[in-house]
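What follows is a single structure, written as structure tokens, with notes after it.
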Amino acid sequence: MADVHATAIVGKGARLGERVKIGPYCIVGDDVELGDDVELVGHVVLDGHTSIGARTSIYPYSSLGQPPQHLKYAGEPSVLRIGTDCVIREQVTMNPGTSFGGMETLVGDNCYFMVGSHVAHDCKVGNNVLFINNATLAGHCQVQDHAILGGLAAVHQWVRIGEYAFVGGLSGVENDVIPYGSVLGNRAYLGGLNIVGLKRHGFNREQIHTMRQAYRLLFSNEGTLMERVEDVAQLFPDHPLVTTVVDFIRADSDRALCTPRSGRGG
């Protein structure tokens, strides 16, 4: 059923879907599961309790499912789950979870990971997410749907990146990024809304105008951040994009919030 190159090593317990292609010098561990039409181009190492969704392609020298880079990891059978239709380019690394973070690392569907990207233990990555070359997540991060991480961006552990957010290249992100926001710098600050991303994803002029109004109110210099959040929630009760941002800010988090350099943020 699978097309396995003569130089590849596939564990006896590995589960291979239909039309799987395993290229030269790949190593697939006993507890790995590959969905239908998965392709390992060559020199790919898959280990641990790792599952790869259908039609995902993995390029040379990627290493997925090796033990997490955590000093307290003690060999617990944690998992790495990667969704369907992903593209994982050269030298990408992803680690399974730990007992300190729910025992699983999750990557959604239709994600694209460029060269040298890293997803650490216990991270949760949504659908349609893009990592540019060498973008990296520390442990326990959350990246929501349609977010983009620029080249060489580094995200601190426990940080949340909201949906449709953009992280500029070379940014060091130590605080949460609101949905639809754009951050840049080291340490990263909120530079405004991700207007280019909103337009590319088909959000209309009225939606973007309303988001700009809400943004200006949220990050003004009057009152505290939470007072401004309540004001925005009352002013835009029926606007789903604004509600997404408000809910994100209200949610429990281990990190502070990325704010504009000119704003007090709180």
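In what follows, every heavy atom counts, from backbone to side chain, and hydrogens, waters and symmetry copies are set aside.
The salt bridge (Lys or Arg N to Asp or Glu O under 4.0 Å) analysis of residues 58-76, with sequence neighbours excluded, yields no pairs. Applying the ring pair (Phe, Tyr, Trp, His ring centres under 6.0 Å) rule to pairs touching residues 7-48 yields Y25-H43, H43-Y61, sequence neighbours excluded.
Every side chain to side chain donor-acceptor pair (under 3.5 Å) that T98 has, sequence neighbours left out, goes to D122. Partners of H201 by side chain to side chain donor-acceptor pair (under 3.5 Å), not counting sequence neighbours: none found. In this view, N133 satisfies the side chain to side chain donor-acceptor pair (under 3.5 Å) rule with no residue, not counting sequence neighbours. For R200, there are no salt bridge (charged side-chain N to carboxylate O under 4.0 Å, His left out) partners two or more places apart in sequence or in a different chain. Here R15 pairs with nothing under the side chain to side chain donor-acceptor pair (under 3.5 Å) rule; sequence neighbours left out.
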Show me, pair by pair, the donor-acceptor contacts under 3.5 angstrom made by side chains of residues 26-34, not counting sequence neighbours?
{"residue": "D30", "atom": "OD1", "partner": "K12", "partner atom": "N", "Å": "3.0"}
{"residue": "D30", "atom": "OD1", "partner": "G13", "partner atom": "N", "Å": "3.3"}

Enumerate donor-acceptor pairs with a distance under 3.5 Å from any side-chain N or O in residues 77-85 to protein atoms, sequence neighbours excluded.
{"residue": "S78", "atom": "OG", "partner": "G97", "partner atom": "O", "Å": "2.5"}
{"residue": "T84", "atom": "OG1", "partner": "D109", "partner atom": "OD1", "Å": "3.2"}
{"residue": "D85", "atom": "OD1", "partner": "R55", "partner atom": "NE", "Å": "2.7"}
{"residue": "D85", "atom": "OD2", "partner": "R55", "partner atom": "NH2", "Å": "3.0"}

Exercise answer: donor-acceptor pairs, residues 187-198 side-chain atoms, under 3.5 Å, sequence neighbours excluded:
{"residue": "R187", "atom": "NE", "partner": "E174", "partner atom": "OE1", "Å": "3.2"}
{"residue": "N194", "atom": "OD1", "partner": "G197", "partner atom": "N", "Å": "3.2"}
{"residue": "N194", "atom": "ND2", "partner": "Y164", "partner atom": "O", "Å": "2.9"}

Between side-chain atoms of residues 232-244 and protein atoms elsewhere (two or more places apart, or another chain), which donor-acceptor pairs fall under 3.5 Å?
{"residue": "H239", "atom": "ND1", "partner": "L241", "partner atom": "N", "Å": "3.4"}
{"residue": "H239", "atom": "ND1", "partner": "V242", "partner atom": "N", "Å": "3.3"}
{"residue": "T243", "atom": "OG1", "partner": "H239", "partner atom": "O", "Å": "3.0"}
{"residue": "T244", "atom": "OG1", "partner": "P240", "partner atom": "O", "Å": "2.9"}

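The main-chain N or O of S63 is never found under 3.5 Å from a side-chain atom of T93 such that the two would form a donor-acceptor pair. Although no hydrogens or angles enter the test, the distance criterion places no donor-acceptor pair under 3.5 Å between the side chain of D47 and the main chain of Q66. Distance alone, capped at 3.5 Å, places no donor-acceptor pair between the H5 side chain and the I22 backbone. Side-chain atoms of S253 come within 3.5 Å of backbone atoms of R255 as a donor-acceptor pair (strictly under, hydrogens ignored). Listed for the S62 side chain is a donor-acceptor partner under 3.5 Å among the backbone atoms of R89. Q144 places no side-chain N or O within donor-acceptor distance of the main-chain N or O of G162, the cut-off being under 3.5 Å.
Between L137 and V125, the closest side-chain pair of non-hydrogen atoms falls below 4.5 Å. Counting heavy atoms from C-beta outward, I58 and I52 have side chains that approach closer than 4.5 Å. With contacts defined as side-chain heavy-atom distances shorter than 4.5 Å, the pair V229/R250 qualifies. Considering only heavy atoms from C-beta on, V246 stays 4.5 Å or farther from E230 through its side chain.
Under the 4.0 Å criterion applied to side-chain N and carboxylate O atoms, D37 and R19 are assigned as salt-bridge partners. Between K21 and D3 no salt bridge is recorded (no basic side-chain N to carboxylate O distance below 4.0 Å).
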### Query
So F113 and M94, side chain to side chain contact (heavy atoms under 4.5 Å, CB included) or not? Walk me through it.
CA-CA 11 Å; F113 296 89; M94 300 183 186; 3.6 Å; yes
### Query
For Q142 and R160, what are the C-alpha separation, side-chain angles and deciding distance, and is it a side chain to side chain contact (heavy atoms under 4.5 Å, CB included)?
CA-CA 5 Å; Q142 297 180 33; R160 299 176 300 147; 4.2 Å; yes
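Tracing side-chain contacts under 4.5 Å through hydrophobic residues (I, L, V, M, F, W, Y), one never reaches V38 starting from I9; they form parts of separate clusters.
In this structure, V87 belongs to a hydrophobic cluster whose other members, linked by side-chain heavy atoms under 4.5 Å apart, are V41, Y59, Y112, M114, L130, I132, I148, F166.
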